[in-house]
Amino acid sequence: MLKRSLLLTVWTIACLSAFAQPFDYSGYKIVRTYAKNEIDVEKLESMVTTICNCIIGPGYLEVCVSPDELKKLTESGFIAEVVIGDVRAAIERQTTRIAGENPFGSYKTYDEIVEYLYMLQRTYPNLAQVFSIGNSYQGRRVYGIKITEGVRLQRSYRSRPASVVQGCQHAREWIATMAPIYTATRLLNDYGVDARTTKIVRECETYIIPVVNPDGNVYTWTNQRMWRKNRRPVGSNVGVDLNRNWGYQWGGQGSSGSTGSETYRGPSAFSEIETTNLRRFLQSLPNLTTHMDIHSYSQLILWPWGYTSNLPANNATYQQLVGRMKTEMEALYGYTYTIGPIYTTIYPASGNSVDWIHGDRRAIGISYELRDTGDFGFLLPPEQIVPASEESHAGLMEMFEWTRRRGK
Ligand code: 0X9
Ligand code: ZN
C-alpha cells in the first residue's frame, strides 16, 4: 500500500477534458477485424493507418479507423466488430482527472512524471537519486531514478548486481510509463516494511527510466494519441521505431526500411539519440544483470530472440524465471499472461532492445506487454493503472529477487 505521504500528493487540477488534441479522433472507432492470410493483412495495412495490435498477422486484429476507412473495410468484405465505438470519448476518459485522488489514479504527462521522480528523491534521500542519461532529439532530458541503500554514499556499489527497468519506447503505450514509477514507489515504500523488498534495496542497484521516448510521449498528449515512434524528421516522414533501432542483428526480419512505416528501423543501428544514450548508459553498468523493457498491450512476458526463431542458449533459465513471474502476476487478479520468445510468441522484430541486452550485454533481457488484450488496448482506463502496475510489480519482484541471488 502507498504511504500516507504519497497519498497526500494531490493533484490540484480537476478538469473534465484536459487535453484537446489537434488530431481529431471524432467519429473514429476501434474495430476488431479478421485477416484470413498475409494477403488480407497487406490489404488491411493499405486501407487503415493505425493497426493497434502487437501481433500483426493472420487472425483477429484491432484497427483504429475513421468513418471513411471503416466504410472501405466493410465494402471490401472484412468483418468489423466494434470494440470502442467512440475513440474520442475513450481518449477523453483516459485523460480526465479527479481532484485529490491518489497519484496512480490518472495517467501522468512527462513533466508530471519528472516532478514525481524528484518528489520520491526528496522523500527518500538515502535510497533514491534522480539521474539523467542525456537529451532526446527535441532536447528533453531523459530522467531515471536509481534505488539502492546508501545511494548517495558511493557512486556505484560494484558488488551489488544491477537491474534496469525502462518504459515507453513506444509513445502511445501509456501504462508503460506508469508501471515503472509504481515499482519505484513500491521499492521505496516497502523498504524496511517488507523483508524481501528490504533485501533487494540493500543488496541490488535498481535503475528505473520510465519514459525513454519523451518526445513521442509528449506528442501523444498534445497532438496525436496513437503516435508510436520518436519525433525525428526522416525524409518526408517523421519518426523511427526505437524498438527496431538497437544494434544487435539490426536490419533483419520484422523491421522496415521505409521511413513511413510504424516499424521503421532508422538509417543505421543506433541512429537515434534516444537509443544511443541508452546504449551508453547500459554499457556504463559493469554489474548489469537483468533488464526489463515495458510495453503494452497483449498480456505477454517475452524473452530473446526477436530476430530469429532459434532459442537462446539459456532458454531454460528464461523459461524458469519468466514462469515464476507469470505465476505471481496471474495470482493477483486472474489476468493471464502468455510467455515465450519474441519471435514465436509475437512476431519477428529485429533490432529490438531485448536482443541487444541479451546478445551484446549478455544480461537477462525480458519484456512485458502489459494489459489488456484489446478491449481498451492503448486506451486502458485510468482505473486499471493500479491493478496493471501491481501485476507488473509482482513480476518485477521475481526478477529483482533472481538478480539478488545471482549477485551472491
Ligand atoms: O512491435 C514491438 O516492438 C512490440 N510490440 S508493441 O505493440 N509494444 O509495439 C513487440 C516486439 C517485441 N516485444 C517487446 N519487446 N515487448
Ligand atoms: Zn511497444
Side-chain angles (χ1 to χ4, degrees), residues 30 41 45 50-57 61-64 164-180 210-213 216-217 220 225-230 239-246 248-250 252-256 261-266 272 274-275 278 290-309 312 318 322 325-326 337-359 364-374 376-380 388 392 395-396 399:
I30 290 181
V41 175
E45 284 183 311
T50 309
I51 297 185
C52 297
N53 295 66
C54 291
I55 305 163
I56 300 179
L61 291 169
E62 283 104 40
V63 295
C64 180
V164 172
V165 177
Q166 65 175 47
C168 204
Q169 286 202 74
H170 292 140
R172 63 193 172 192
E173 297 166 10
W174 283 10
I175 190 63
T177 70
M178 299 302 286
V211 189
V212 302
N213 176 13
N217 182 257
T220 64
R225 177 65 190 83
M226 291 297 177
W227 190 258
R228 167 182 168 98
K229 301 186 282 183
N230 74 355
V240 170
D241 182 352
L242 297 181
N243 205 30
R244 299 294 183 278
N245 189 239
W246 296 69
Y248 192 82
Q249 295 289 330
W250 177 87
Q253 242 187 310
S255 70
S256 169
S261 165
E262 289 284 49
T263 53
Y264 176 51
R265 62 175 87 102
E272 304 312 293
E274 291 86 358
T275 46
L278 276 168
T290 49
H291 180 280
M292 167 60 78
D293 181 36
I294 304 190
H295 292 252
S296 75
Y297 59 95
S298 286
Q299 291 170 209
L300 311 168
I301 322 170
L302 304 164
W303 66 80
W305 301 101
Y307 82 96
T308 173
S309 61
Y318 279 110
V322 174
M325 295 169 67
K326 169 187 165 77
Y337 284 80
T338 302
I339 69 174
I342 294 169
Y343 190 104
T344 46
T345 310
I346 299 202
Y347 44 59
S350 305
N352 77 84
S353 62
V354 174
D355 283 8
W356 186 83
I357 292 289
H358 182 91
I364 292 286
I366 301 173
S367 178
Y368 282 150
E369 299 285 351
L370 294 178
R371 286 192 188 191
D372 55 13
T373 54
F376 294 101
F378 304 124
L379 305 179
L380 194 71
S392 162
L396 280 170
M399 191 182 95

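Numbering of ligands and ligand atoms starts at 1, following listing order.
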So which of the N, O or S atoms of H170 lies nearest the Zn ion (ligand 2)?
ND1
Check for a donor-acceptor pair, side chain of T338 on one end and backbone N or O of L300 on the other, with a separation under 3.5 Å.
no
Taking the minimum heavy-atom distance to atom 15 (N) of ligand 1, which of S367, A349, P341, S255 ranks first?
S367
Below 4.0 angstrom from a heavy atom of E173, which ligand 1 atoms are there? Numbered from 1 as shown, please.
6 (S), 7 (O), 8 (N), 9 (O)
Counting distance only, does the side-chain N/O of R244 pair as donor-acceptor with the main-chain N or O of G254 below 3.5 Å?
yes
May I ask you to check if any N/O/S atom from E369 comes under 2.8 Å of the Zn ion (ligand 2)?
no
Sub-4.0 Å heavy-atom contact, Q169 with ligand 1:
no
Does an N or O from Y297, backbone or side chain, lie closer than 3.5 Å to an N or O of ligand 1?
no
Do the side chain of T344 and the main chain of S309 share a donor and acceptor less than 3.5 angstrom apart?
no
Centres of the F378 and Y297 rings: under 6.0 Å?
yes
Should one rank N243, N352, I301 by closest heavy-atom distance to atom 11 (C) of ligand 1, which comes out on top?
N243
Which ligand 1 atoms, with their elements, are less than 4.0 angstrom from a heavy-atom of I346?
10 (C)
Report the distance from atom OG1 of T345 to atom CD1 of I339, rounding to the nearest 0.5 Å.
8.5 Å
Working to the nearest 0.5 Å, report the span between CZ of R225 and OG1 of T220.
5.5 Å
Working note: Y248 + W305, criterion ring-ring contact (aromatic ring centres under 6.0 Å, His included); need CA distance, chi angles, decisive distance, verdict.
CA-CA 10 Å; Y248 192 82; W305 301 101; 5.3 Å; yes
If we set the cut-off at 4.0 Å for heavy atoms, which region of H170 has an atom near ligand 1: side chain, backbone, both, or neither?
side chain
H295, N/O/S atom nearest the Zn ion (ligand 2):
ND1
dist R172:CZ -> T50:OG1 (nearest 0.5 Å) comes out at 6.5 Å
Any heavy-atom pair between the side chains of V164 and H291 that's under 4.5 Å?
yes
Residue-level breakdown please: for L302 versus ligand 1, do any non-hydrogen atoms fall below 4.0 Å on the side chain, on the backbone, on both, or on neither?
side chain
Under a 4.0 angstrom heavy-atom cut-off, which atoms of ligand 1 come close to S296?
7 (O), 8 (N)
Should you measure from each heavy atom of I342, which atoms of ligand 1 turn up under 4.0 Å away?
12 (C)
